[in-house]
Amino acid sequence: MDRGGYAMALEFRVLGEVGATADGEVLAVGHARQRLVLAALLLDAGRVVPADQLVTRVWGEHPPSRVANALQTYVARLRRVLHPHGGGIERRSGGYVIPLPSPDALDLHQFTDLVSQARATADDAEAARLYERALDRWQGDALLGVDSAWADNVRHSLARQRTAAELDYADRQLRRGQHGAVLGLLARRADEYPLDERIAAALMRALHHSGRTDEALARYQRTRTMLVDELGADPSPHLRAVHEEILAAQTPGPAPLRAWAAPVPQQLPSPPPRFAGREDELRHLDTLAEPHATVPITVLHGGGGMGKTALALHWAHRQATAFPDGRLYVDLRGFSPDGDPTAPDVALRGFLHALGVTGSAIPAEPDAQTALYRTLLAGKRVLVVLDNARDPSQITPLLPGEPSCAVVVTSRNRMTSLTTTHGATPLAVRPLPAAHARSVLIDRLGPDYLDADPDAAEQLVTRCAGSPLALGILAARAAEHPDFPLAALAAELTDVSALDDGDASVAAVLSWSLRALPPQHAEVFELLGLAPGPDISVRAAANLTGLSPNATAAILLALERVSLVEQDAPGRYRMHDLVRLFARTHTSLPAEARTAALVRVIGYYTGTALAGNRVLHPHGVLPPGIDTGHDHPYPHPPASTGEALDWFDADHDCLLDAQRVASAHRWHEPAWQIALALTAYHYRRGFLHEDLEVWPVAVQAADALGTPETRVLAHRRYGLACARGARHDDALAHLAQALDLADRGEDQRVRAIIEHDLAQTWELHGDQRAALEHAQRSLELFRPLGNPVWEAQAQNGVGWYLTLLGQHEQARPHCERALQLYRTANHPAVADVLDSLAHIAHHTGRHIDAIEHYREALALYRESGNTYLEADTLEHLGHTHRAMGDSGKARSVWQLALDLFRAQGRFAEVNAVETALARLDAGKTRSAPH
């Protein structure tokens with residue numbers, strides 16, 4: 001048999017009938033139970049399988065009394081078969097291990113290796129060839145001829161891996177226009193998984209581009225009908241988009257493919273517009289792009305202004321195709337003149353978010369976050385750029401776990417411990433040699449300009465001391481004034497006022513550049529040095545300066561032309577750390593003007609964030625007197641949910657820094673209001689750790705203000721943040737303080753809200769009885785107030801905790817009352833109550849009602865784009881179908897849930913659904929708990 005280049009000595013098979021061959025000859029490995037022992041060892045080949053675990057895999061939970069003897073007999077027989085061919089089974093420390101003669105001696109390893117290679121290549125033709133070789137390893141269903149609960153579970157998991165590879169293969173072939181090559185495959189899988197919308201979309205494209213458009217449209221209608229009938233939901237936006245593409249196409253032809261997969265992060269800022277020199281450094285970095293780099297970590301170290309970031313970004317963009325699974329980037333702000341360096345867990349959560357993990361799927365503990373991050377990168381080719389690092393403690397949690405990924409670190413420190421503990425390669429980024437520095441200027445200005453006065457040109461190169469930052473500013477200045485003779489520029493470049501880190505040449509150029517600016521531009525430059533956050537938008541800068549947005553944008557563009565600011569995203573500007581430090585320490589503006597500018601920009605951030613919070617949480621109740629985003633010079637209240645989320649995403653770091661600046665100046669109103677304004681955004685994005693950062697500052701500010709309503713809100717929000725962050729005692733302490741303050745004010749509504757928060761706190765702690773007690777108190781306090789939404793929230797809470805405690809009949813009236821109140825108020829929380837009612841119906845045997853409720857909730861979640869709760873509802877719906885004996889529908893919805901859980905990085909849920917599917921395939925009748 002052709003093995004695509006693999007050696008044909010002793011080989012093992014699990015992708016098909018379990019067995020072994022030696023030089024192509026099939027070995028007699030015994031009866032089904034003995035082959036099951038072999039399979040149980042092969043799935044962990046090279047690793048010790050404890051004897052008790054091996055017994056469970058082969059005989060299940062109830063093995064025979066003399067199972068140890070039986071296991072030893074089967075192992076001995078397998079040894080006799082394998083030993084003459086160089087194989088064997090070894091007994092080690094309480095278990096058994098089957099060593100492989102080579103890593104590719106198992107067909108499963110061949111399959112996964114080829115799939116990894118295929119996913120790592122950007123060449124669609126080569127990828128398709130590799131996928132074909134990988135799929136050729138399969139000779140039928142996995143683990144054929146053996147049977148156990150463990151084998152069923154493994155068989156199902158491997159089948160999903162096979163299907164995922166087939167769909168990846170189909171995507172590559174469709175991109176190549178090889179539609180006919182995958183039609184049969186996609187048709188078979190579509191019949192097997194009729195509700196899988198990714199398969200349906202790929203099949204529709206293949207049919208359409210094969211001239212069978214009518215069949216493609218018929219397939220869409222068939223899938224749509226099944227989705228509506230079985231899930232009560234319309235097709236996803238992706239499937240609808242493919243349908244619209246086909247309808248809009250005038251003639252058959254390749255249509256642009258829309259990705260349906262885990263996100264491929266592309267976080268790199270724009271590359272430097274001009275880059276010269278550094279050939280030796282680039283050659284070294286190129287080794288990182290090799291598929292099997294020995295040491296895939298390089299530390300670019302050197303002084304400020306040496307161009308470390310520019311070198312890293314230039315190389316990263318140049319080698320984009322070497323990292324097809326994405327490129328992650330974070331500015332760790334290790335030497336930023338304002339604020340603390342970025343904490344590694346903050347950077348890690350940003351990476352997880354970029355990789356598609358959101359909300360509560362992000363673990364609370366930093367170690368668990370790192371483990372999840374490394375799991376997501378396993379087997380992938382991803383580049384990680386860790387810019388401006390201060391010390392190794394920032395770096396270590398962000399390192400991938402295997403050498404298929406590459407890491408580039410930039411720092412002013414050498415990071416010696418990374419070399420000793422992780423094998424990193426240090427690469428010094430030194431001042432450019434004079435010849436290279438001259439080449440930079442020639443590239444920017446042309447050789448004739450420098451040749452006009454060689455002596456002056458030499459002086460300029462010398463005074464820039466090989467700093468790319470200084471050379472860039474000098475070149476921008478010369479380009480702005482081409483009529484200035486070189487001698488005049490050299491004469492101006494004499495101020496050598498040193499910065500704190502000794503970068504005298506940069507200070508000289510900046511001093512000279514500042515003097516050359518028009519007065520208004522110089523003032524804006526100085527104010528930008530004060531702005532909170534790593535970068536700034538045009539509108540925020542307008543509020544900072546007090547100028548109109550148009551005037552501000554024009555000045556920012558002028559400052560960009562002379563390299564004093566960089567625009568690395570449209571409409572957003574940042575300063576190099578040294579430039580920012582210079583702007584702060586070389587100021588001519590009076591203190592009053594600087595303070596007024598900070599007040600304006602922090603007011604802008606606070607007001608806009610409060611307005612955005614109102615859009616994301618329109619039914620929330622705010623204390624009286626809160627700014628809604630219109631009281632600063634140039635407001636920008638977001639008009640929609642999408643606009644609000646985009647604004648928060650872009651300005652989140654600026655908001656955190658604005659709160660820090662406000663707290664440092666004892667401006668208590670914005671210090672606590674920024675925390676309040678981030679509430680809905682942090683909840684949607686799952687930024688629970690950031691909540692734990694902003695609310696202590698807010699509590700301190702609220703206590704300083706002394707306003708009872710403010711203090712109550714700050715303590716209860718901090719308490720809830722502690723509860724979600726698994727700090728139960730702190731949560732109870734702050735909620736108790738909030739309740740005490742509320743009791744003094746005799747505000748029954750506030751006391752009811754705090755009781756509701758206490759119920760959530762105890763639920764998160766796992767004590768449902770305590771949660772129920774607080775939910776009942778909340779209802780008692782809310783009901784007399786006459787607000788239907790408040791009462792509905794409390795009623796649903798009581799119903800939910802009752803059903804969690806198994807009191808389903810007592811729970812139902814509360815949830816039905818909540819549903820009635822929410823429907824009357826047209827409130828979006830209707831879907832949450834429907835989920836509660838479905839849970840009750842399922843556990844009281846009313847499965848038809850449960851399915852109806854789940855479907856309605858599912859439609860609402862899909863309509864709002866809430867894929868997180870959609871996945872949960874699909875999982876629950878599957879259990880109800882299973883309880884009704886409809887295995888086909890259960891399998892269909894669980895497969896959809898599985899895809900969503902995987903895309904969201906929710907691995908505990910993935911395991912639960914895979915187990916449920918395995919039990920389903922095994923024909924068990926017991927419904928899995930959920």
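We count residues from 1, following the sequence as given.
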Side chains of [X] and [Y] in contact at under 4.5 Å (non-hydrogen atoms):
X: R769; Y: Y801; value: no
X: V58; Y: V67; value: no
X: R162; Y: R189; value: yes
X: P788; Y: T824; value: no
X: V789; Y: L821; value: no
X: T844; Y: D849; value: no
X: S640; Y: V615; value: no
X: L376; Y: F351; value: no

Between [X] and [Y], does at least one N-O distance fall below 4.0 Å, as a salt bridge requires?
X: E780; Y: R777; answer: no
X: R823; Y: E856; answer: yes
X: R812; Y: E809; answer: yes
X: R349; Y: D345; answer: yes
X: R222; Y: D191; answer: yes

Between [atom1] on residue [X] and [atom2] on residue [Y], distance to nearest 0.5 Å:
X: L758; Y: H765; atom1: CG; atom2: NE2; value: 13.0 Å
X: Q53; Y: W150; atom1: CD; atom2: CH2; value: 9.5 Å
X: L348; Y: Q369; atom1: CG; atom2: CD; value: 5.0 Å
X: L858; Y: L896; atom1: CG; atom2: CG; value: 9.0 Å
X: D872; Y: L877; atom1: CG; atom2: CG; value: 12.5 Å
X: L772; Y: L802; atom1: CG; atom2: CG; value: 4.5 Å

Could you tell me whether the side chain of [X] and the main chain of [Y] form a donor-acceptor pair under 3.5 Å?
X: R219; Y: M204; answer: no
X: T873; Y: Y854; answer: no
X: D141; Y: L144; answer: no
X: T803; Y: G799; answer: no
X: D152; Y: A918; answer: no

Heavy-atom pair with the smallest gap, counting every atom of [X] and [Y]:
X: L36; Y: A151; value: CD1-CB, 4.2 Å
X: I840; Y: H808; value: CG2-O, 3.5 Å
X: A742; Y: V750; value: CB-CG1, 3.8 Å
X: I754; Y: L735; value: CG2-O, 3.8 Å
X: R57; Y: S148; value: O-OG, 2.8 Å
X: A723; Y: A731; value: N-CB, 3.5 Å

Checking L739 against V712 for the side-chain contact (heavy atoms from CB on, under 4.5 Å) test, could you report, in this order, the C-alpha distance in whole Å, the side-chain angles of both residues, the deciding distance, and whether it holds? CA-CA 7 Å; L739 193 59; V712 169; over 6 Å; no

Can [X] and [Y] be counted as having a side-chain donor-acceptor contact under 3.5 angstrom?
X: R891; Y: Q895; answer: no
X: Q795; Y: E791; answer: yes
X: W800; Y: E763; answer: yes
X: D649; Y: Y681; answer: yes
X: H774; Y: E755; answer: yes

Hey, what's the ring geometry for H243 with Y220, parallel, tilted or perpendicular (30° and 60° as the breaks)?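 Because their plane-to-plane angle is under 30°, the rings of H243 and Y220 count as parallel.
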
Would the H715 and W695 ring centres measure less than 6.0 Å apart?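 Here the rings of W695 and H715 have centres that are no less than 6.0 Å from each other.
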
Centroid-to-centroid, W894 to H881, below 6.0 Å?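 Centroid separation for W894 and H881: 6.0 Å or greater.
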
For R374, enumerate each residue passing the salt bridge (Lys or Arg N to Asp or Glu O under 4.0 Å) test, keeping only those at least two apart in sequence or located in another chain.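 Result, salt bridge (Lys or Arg N to Asp or Glu O under 4.0 Å) vs R374: none returned.
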
Does the side-chain contact (heavy atoms from CB on, under 4.5 Å) test come out yes or no for D835 and H853, once each step is laid out? CA-CA 7 Å; D835 187 77; H853 292 320; over 6 Å; no

Do L54 and W59 pass the side-chain contact (heavy atoms from CB on, under 4.5 Å) test, and can you show the C-alpha distance, the side-chain angles, and the key distance before you say yes or no? CA-CA 9 Å; L54 195 55; W59 283 275; over 6 Å; no

Evaluate side chain to side chain donor-acceptor pair (under 3.5 Å) for R817 paired with Q820, printing each intermediate quantity in order. CA-CA 5 Å; R817 174 62 176 161; Q820 177 189 9; 3.3 Å; yes

For P63, which of D52, V55, T56 qualifies under side chain to side chain contact (heavy atoms under 4.5 Å, CB included)?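 Output: one option passes, namely V55.
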
Of the options H879, H842, H876, which is the one that meets H847 in a ring-ring contact (aromatic ring centres under 6.0 Å, His included)?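 Exactly one option meets the ring-ring contact (aromatic ring centres under 6.0 Å, His included) with H847, and it is H842.
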
So L713 and R717, side-chain contact (heavy atoms from CB on, under 4.5 Å) or not? Walk me through it. CA-CA 6 Å; L713 190 152; R717 292 302 315 181; 3.7 Å; yes

